[in-house]
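Below is one structure, written out as structure tokens, with a few remarks after it.
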Protein chains: 2
Amino acid sequence: MDAQTDRHRYHHGGLRTALLDAAERSLRERGVAQLSLRDLAREVGVSHAAPRRHFPERQDLLDALAEAGFGRLGEAIRHAVADGDPDLAARVSRASSAFARFATENPALLELMNATKHQPEKTELTSSVEKAFEPFVDLIHEGQDRRLIHSGPHEEIGLVLYATINGLATLVNNGSVDADRLEELIDAAVRQFLRGTAP
Amino acid sequence: MDAQTDRHRYHHGGLRTALLDAAERSLRERGVAQLSLRDLAREVGVSHAAPRRHFPERQDLLDALAEAGFGRLGEAIRHAVADGDPDLAARVSRASSAFARFATENPALLELMNATKHQPEKTELTSSVEKAFEPFVDLIHEGQDRRLIHSGPHEEIGLVLYATINGLATLVNNGSVDADRLEELIDAAVRQFLRGTAP
DNA sequence: ACGCAATGTAGGCAGTGCCTACTGATGTTG
DNA sequence: CAACATCAGTAGGCACTGCCTACATTGCGT
């Protein structure tokens with residue numbers, strides 16, 4: 001089964017990930033409304049019905065994209081927290097900036113990640129948003145341990161910070177606020193946050 | 001031109017607003033993805049091409065819905081600020097709660113209002129989001145005058161609060177956070193905010 | 001070696017957005 | 001007040017989409 005360089009083996013081999021890659025590009029370049037399964041199929045070189053094997057409905061693809069987005073966002077934030085000045089305030093600031101950067105670099109993806117989900121019906125395992133705001137919660141928790149942040153439900157405090165950055169990024173992404181003001185807004189938000197949560 | 005009760009006058013009379021009304025209902029009940037111009041036309045009783053006279057593109061209808069949404073949201077917040085205990089903190093709290101209520105009662109609309117706009121090309125007048133966060137900014141300004149909030153760019157401070165509530169509502173709307181936790185989250189956010197912005 | 005599940009193909013259907021050409025009403029003006 | 005320009009509706013067509021069903025090919029486990 002040596003891979004022919006010809007792109008026409010009957011079985012694509014990695015169709016699912018190929019679709020997700022193509023979808024992510026399409027999403028970034030043309031927005032979610034323009035994202036079409038048939039389009040992706042053409043781009044990847046399979047028939048228009050092939051994607052159905054991996055994503056029975058269009059929304060399933062979008063869900064997978066959002067899921068992956070949360071993973072990448074969480075990782076980006078974790079990295080930002082890990083590298084550099086270990087001062088807590090500095091790390092909170094870097095985490096927030098990393099979030100903001102991700103958001104402005106992937107506006108359509110963020111929109112998808114924030115989109116109202118259909119009924120999760122039943123299980124839906126766990127909202128993968130956790131992956132993204134976990135680093136924030138962890139940061140709060142550590143801050144509390146070191147008496148830099150007042151005691152209280154750390155998950156709640158982390159959520160508020162996450163929501164603030166998310167909201168500011170949204171305002172920039174939809175054009176309500178000039179992009180070059182984002183940094184200063186994030187900065188102000190972080191300072192206010194730290195002041196508001198000081199012991 | 002006495003109005004026949006028969007629904008078949010050639011000219012509808014108020015097609016634009018009838019479409020907007022129907023669209024708002026459809027949006028609330030079935031989400032933006034299911035909103036179809038032809039569907040609305042049927043519902044209102046005109047031909048499938050009639051809406052085009054008022055909304056050349058589907059997105060134009062969505063824009064109008066968002067615009068109207070900002071108007072209503074702003075009004076709701078202003079009313080919440082005006083009625084009740086005139087204490088500043090209480091008013092900030094009521095404004096935030098009103099925002100949250102609007103958001104959870106109109107999830108699809110809020111999503112639309114937060115959606116990434118296409119190129120505003122050139123003019124686009126002014127982002128009508130202002131109507132919604134103006135009350136927050138005003139509140140901050142007044143707080144500064146009365147030395148209850150530290151000095152600084154009041155628009156920036158107002159934006160941060162607006163973004164925080166918006167972000168929290170988004171987390172609830174997309175199922176990341178249980179709806180019954182919203183109130184306490186808003187409460188915590190407002191308290192932190194006031195603490196963080198105290199003089 | 002064989003059978004079966006997984007994965008891809010081909011074609012069809014209803015529905016959509018956008019387009020053009022046409023028609024009926026409105027109201028402005030000479 | 002009649003002619004007419006403009007506005008607001010209708011009818012039909014096109015390309016495209018998502019979803020469906022029936023069929024073909026492949027690879028894998030026994």
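So that the names make sense, note that chain A is the first sequence line, chain B the second, and so on, each numbered from 1.
At a cut-off of 3.5 angstrom, the base of C/dG15 holds no donor-acceptor pair with the side chain of B/His48. Judged by atom type and distance alone, B/Arg38 reaches the base of C/dG17 through a side-chain donor-acceptor pair under 3.5 Å.
Across every non-hydrogen atom of B/Thr104 and B/Asn173, the tightest pair is CA-OD1, 3.7 Å.
Distance, A/Leu40 CG to D/dC19 P: 13 Å, rounded to whole Å. Here the C1' atom of nucleotide C/dA6 and the CZ atom of A/Arg9 are 16 Å apart, to the nearest Å. At whole-Å resolution of the value, CG in B/Asp39 and C1' in C/dC18 are 17 Å apart. The nearest whole Å value for the distance from the CG atom in B/Leu61 to the C1' atom in C/dC18 is 14 Å. In this structure, A/Leu37 places its CG atom 15 Å from C1' of C/dG8, rounding to the nearest Å. Computed from coordinates, the B/Arg30 CZ to C/dG15 C1' distance equals 12 Å when rounded to whole Å. When rounded to the nearest whole Å, the span between CG of A/Leu15 and P of D/dT25 equals 19 Å. As rounded to whole Å, 16 Å separates atom C1' of C/dA6 from atom CZ of A/Phe55.
Distances shown here put every side-chain N or O of B/Arg53 at or beyond 4.0 Å from the OP1 or OP2 atom of C/dG24. Contact between the side-chain N/O atoms of B/Arg52 and the OP1/OP2 oxygens of C/dA21 is not found at any separation under 4.0 Å. Taking side-chain N and O atoms only, B/Ser36 has a distance below 4.0 Å to OP1 or OP2 of C/dT16. A close approach under 4.0 Å does occur between a side-chain nitrogen or oxygen of B/His54 and OP1 or OP2 of D/dG9.
Of the residues A/Leu40, A/Val32, A/Asp21, the one that meets the side-chain contact (heavy atoms from CB on, under 4.5 Å) test with A/Ser26 is A/Leu40.
The side chain of A/Glu57 sits closest to D/dC19 out of D/dT17, D/dC19, C/dC18.
Across all strands shown, A/Arg58 has heavy atoms under 4.0 Å from sugar-phosphate atoms exclusively, and none from any base. Residue B/Arg16 is classed as having no contact, given no heavy-atom separation below 4.0 Å to the nucleic acid.
With hydrogens and angles disregarded, no donor-acceptor distance shorter than 3.5 Å links the side chain of A/Arg94 to the backbone of A/His79.
Of the charged side-chain nitrogens involved, none lies within less than 4.0 Å of a carboxylate oxygen, so that B/Arg38 and B/Glu43 do not count as a salt-bridged pair. Using a 4.0 Å cut-off between a side-chain N of Lys or Arg and a carboxylate O of Asp or Glu, A/Asp39 and A/Arg42 qualify as a salt bridge.
Of the two residues contacting DNA chain D, namely A/Arg42 and A/Ala49, the nearest-nucleotide position lying further toward the 5' end is that of A/Arg42.
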